[in-house]
Visitor: 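Once you've had a glance at the structure underneath, I'll fire off some questions.
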Amino acid sequence: MTTNPAALDWLRIAPANSAVDFRDGQWEAIDQLVNQLGRVLCVQCTGWGKSMVYFVSAKLMREQGTGPTLIISPLLALMRNQIEAANRLKLRAETISSTNSDDWHAVRQRLLNDEIDLLLISPERLANDDFVSNTLLPIAARIGLPRNIAVLATTACYHANVQFTNQRTNTHRIGCWWLSKSHFLRRTRNLQPN
């Protein structure tokens, strides 16, 4: 069982700030994911520290022998920032997005070999049959890990704007069967006016 002080140590490492403390609800979300093996819907404003909830949870759960964390993120710039934060926590993090298609095979193989702690993907990967069949399903079916996918997080940006329709559709392709195999943290931001 993970304790508040152990989680707080990792929270302080990520931003390299020993004065950081949990914001209201952060420890409770981590505890629900890591200790209670539950699901969390975390709706907070930008800057609250939603990423830290799933990074710290991913780190603690990997230490307990769980599978990798899958993060669905529609923004490539956000993915780069998240990789940097994950690296500070000594999480082995990779992406599969439109910017690194030449690396997909190697990343997939490392993921299937359990050499990746955290995988960031763009929502359109969920609409790709090859990705679902050759990456997601084998992880879900793998035997030997207590939980095949430790944390499934979406970093969806829901704007009242039509350009995000496809991202929402692809994010919803996750499906109930997938959620039943993982802890689930859905991180969202409030609707932004046009």
Side-chain angles (χ1 to χ4, degrees), residues 1-97 107 111 114-123 125 146-159 167 171 174 178-179 182-192:
M1 181 131 156
T2 297
T3 63
N4 182 303
L8 185 58
D9 287 344
W10 284 115
L11 180 76
R12 289 177 173 165
I13 289 170
N17 182 348
S18 61
V20 165
D21 205 349
F22 286 116
R23 294 192 174 153
D24 286 342
Q26 280 181 316
W27 163 246
E28 291 79 5
I30 292 168
D31 179 56
Q32 182 67 22
L33 289 166
V34 177
N35 294 327
Q36 309 306 317
L37 304 178
R39 297 181 184 174
V40 174
L41 173 62
C42 182
V43 181
Q44 291 289 346
C45 62
T46 301
W48 178 81
K50 298 174 292 289
S51 295
M52 289 303 105
V53 169
Y54 56 77
F55 286 141
V56 171
S57 295
K59 182 64 177 178
L60 295 169
M61 293 179 80
R62 277 305 253 178
E63 288 178 346
Q64 295 174 4
T66 64
T69 291
L70 177 65
I71 299 173
I72 303 162
S73 180
L75 305 173
L76 296 175
L78 181 58
M79 282 187 189
R80 286 189 291 275
N81 292 343
Q82 290 173 332
I83 290 286
E84 291 170 13
N87 289 336
R88 287 191 296 270
L89 289 175
K90 297 180 175 55
L91 286 166
R92 299 168 295 177
E94 295 285 349
T95 64
I96 293 181
S97 69
V107 169
L111 184 68
D114 202 30
E115 298 169 357
I116 292 176
D117 300 317
L118 192 137
L119 179 67
L120 291 109
I121 66 168
S122 52
R125 292 294 96 218
R147 298 293 256 177
N148 295 324
I149 296 292
V151 177
L152 173 62
T154 65
T155 63
C157 299
Y158 291 106
H159 295 261
Q167 291 174 351
T171 301
I174 297 165
W178 185 259
L179 297 178
S182 64
H183 305 292
F184 181 59
L185 169 66
R186 182 173 186 160
R187 159 198 151 163
T188 67
R189 289 194 280 179
N190 295 334
L191 286 172
Q192 302 294 318

Visitor: State which residues pass side chain to side chain contact (heavy atoms under 4.5 Å, CB included) with E28; sequence neighbours excluded, sorted by chain then number.
Guide: none
Visitor: Got a donor-acceptor contact below 3.5 angstrom from the E94 side chain to the I116 backbone?
Guide: no
Visitor: Mind checking side chain to side chain contact (heavy atoms under 4.5 Å, CB included) for N17 and listing every partner two or more places apart, or none if nothing turns up?
Guide: P15, A19, V20
Visitor: Using a 4.5 Å cut-off on heavy atoms from C-beta on, say whether the side chain of F22 contacts that of M52.
Guide: no
Visitor: Using 0.5 Å steps for rounding, measure from the CZ atom of R80 to the OG atom of S73.
Guide: 10.5 Å
Visitor: Could you work out, with side chain to side chain donor-acceptor pair (under 3.5 Å) as the rule, every residue matching N35, not counting sequence neighbours?
Guide: D31
Visitor: Can you find a pair of side-chain heavy atoms, one from L91 and one from W10, that are under 4.5 Å apart?
Guide: no
Visitor: Counting C-beta onward and ignoring hydrogens, is there a side-chain heavy-atom pair between D114 and R62 closer than 4.5 Å?
Guide: yes
Visitor: First locate atom OG1 of T3, then atom CG of L8, and finally report the distance between them rounded to the nearest 0.5 Å.
Guide: 9.5 Å
Visitor: For A58 and T69, which heavy atoms make the closest approach, and how far apart are they?
Guide: CB-OG1, 3.1 Å
Visitor: Is it the case that T95 and Q82 place a side-chain donor and acceptor less than 3.5 Å from each other?
Guide: no
Visitor: Contact between I71 and F55 at the side-chain level, heavy atoms closer than 4.5 Å - yes or no?
Guide: yes
Visitor: Over all heavy atoms of both residues, which pair between V40 and A29 is shortest? Give the atoms and the distance, please.
Guide: CG2-O, 3.7 Å
Visitor: To the nearest 0.5 Å, what is the distance between CD1 on I83 and CG on L118?
Guide: 6.5 Å
Visitor: What is the minimum heavy-atom distance between I72 and S122, and which atoms define it?
Guide: CG2-C, 4.4 Å
Visitor: Which pair of heavy atoms, one from L60 and one from A7, lies closest together, and at what distance?
Guide: CD1-CB, 3.8 Å
Visitor: Given side chains that start at C-beta, do those of L111 and P68 come closer than 4.5 Å, heavy atoms only?
Guide: yes
Visitor: Listed by chain and number, what are the salt bridge (charged side-chain N to carboxylate O under 4.0 Å, His left out) partners of E115, not counting sequence neighbours?
Guide: R110
Visitor: Which of these passes side chain to side chain contact (heavy atoms under 4.5 Å, CB included) with T2: K59, E63, Q64, M61?
Guide: Q64
Visitor: Can you tell me if K50 uses its side chain to pair, donor with acceptor, with the backbone of C42 under 3.5 Å?
Guide: no
Visitor: Could you list the residues that satisfy salt bridge (charged side-chain N to carboxylate O under 4.0 Å, His left out) with R92, not counting sequence neighbours?
Guide: D117
